Amino acid sequence: MAFRPLHDRVLVRRVEQAEKTAGGIIIPDTAKEKPAEGEIVAVGAGVRGEDGKIAPLDVKAGDRILFGKWSGTEIKLDGEDLIIMKESDVLGIVEKSAAKPKKA
């Protein structure tokens with residue numbers, strides 16, 4: 001794919017939701033909500049400040065993020081559904097946590 005977002009925009013691929021609940025109930029497609037979690041595919045160069053310098057974005061390609069339910073614009077590139085949104089629409093980055101030791 002040859003697409004580069006401009007300025008402070010990011011290109012996001014939604015992360016697929018689980019087909020079953022923790023209790024084993026299968027969720028039909030009609031009852032699923034679109035997930036508000038995604039992976040950043042590409043980022044713009046950054047936003048230009050009043051001093052003329054470009055401030056880089058806080059996110060980078062490969063980050064898993066959370067975003068608002070109505071954030072961004074849905075597009076289709078190379079047959080894949082993606083979302084273009086501003087960095088300000090990103091609510092946070094999902095960090096990969098280390099395995100927690102179990103209590104005895």
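Predicted, not measured: the structure shown is a model, and the values here were computed from it.
- Panel note: side chain Asp78, backbone Glu80; no donor-acceptor pair is recorded below 3.5 Å.
- Glu37 contributes atom CD, which lies 13.5 Å from atom CZ of Arg13 (distance to the nearest 0.5 angstrom).
- Cluster membership for Ile93 and Phe67, using ILVMFWY side-chain heavy atoms within less than 4.5 angstrom, is shared.
- Between Val47 and His7, the closest side-chain pair of non-hydrogen atoms is not below 4.5 Å.
- Contact record, Phe3 with Ala42: O-CB, 4.2 Å, taken as the closest heavy-atom pair.
- Among all heavy-atom pairs drawn from Val12 and Gly38, the shortest one is CG1-CA, 3.9 Å.
- The distance from atom CD of Glu39 to atom CG of Leu82, rounded to the nearest 0.5 Å, is 10.5 Å.
- Residues Asp58 and Asp63 share a closest heavy-atom pair of O-OD2, 4.5 Å.
- Smallest separation of non-hydrogen atoms from Asp81 and Lys76: OD1-CE, 3.1 Å.
- Comment: Lys86 does not engage Asp89 in a salt bridge, judged by the lack of any side-chain N to carboxylate O separation of less than 4.0 angstrom.
- Put simply, the residue from Ile83, Leu77, Ile40 that forms a side-chain contact (heavy atoms from CB on, under 4.5 Å) with Leu11 is Leu77.
- Taking both residues in full, the closest heavy atoms of Ala61 and Val41 are given as CB-O, 3.6 Å, listed atom of the first, atom of the second, then distance.
- Closest of all the heavy-atom pairs between Glu87 and Val59 is OE2-N, 3.7 Å.
- No continuous path of ILVMFWY side-chain contacts below 4.5 Å connects Ile65 to Val94, so the two sit in separate hydrophobic clusters.
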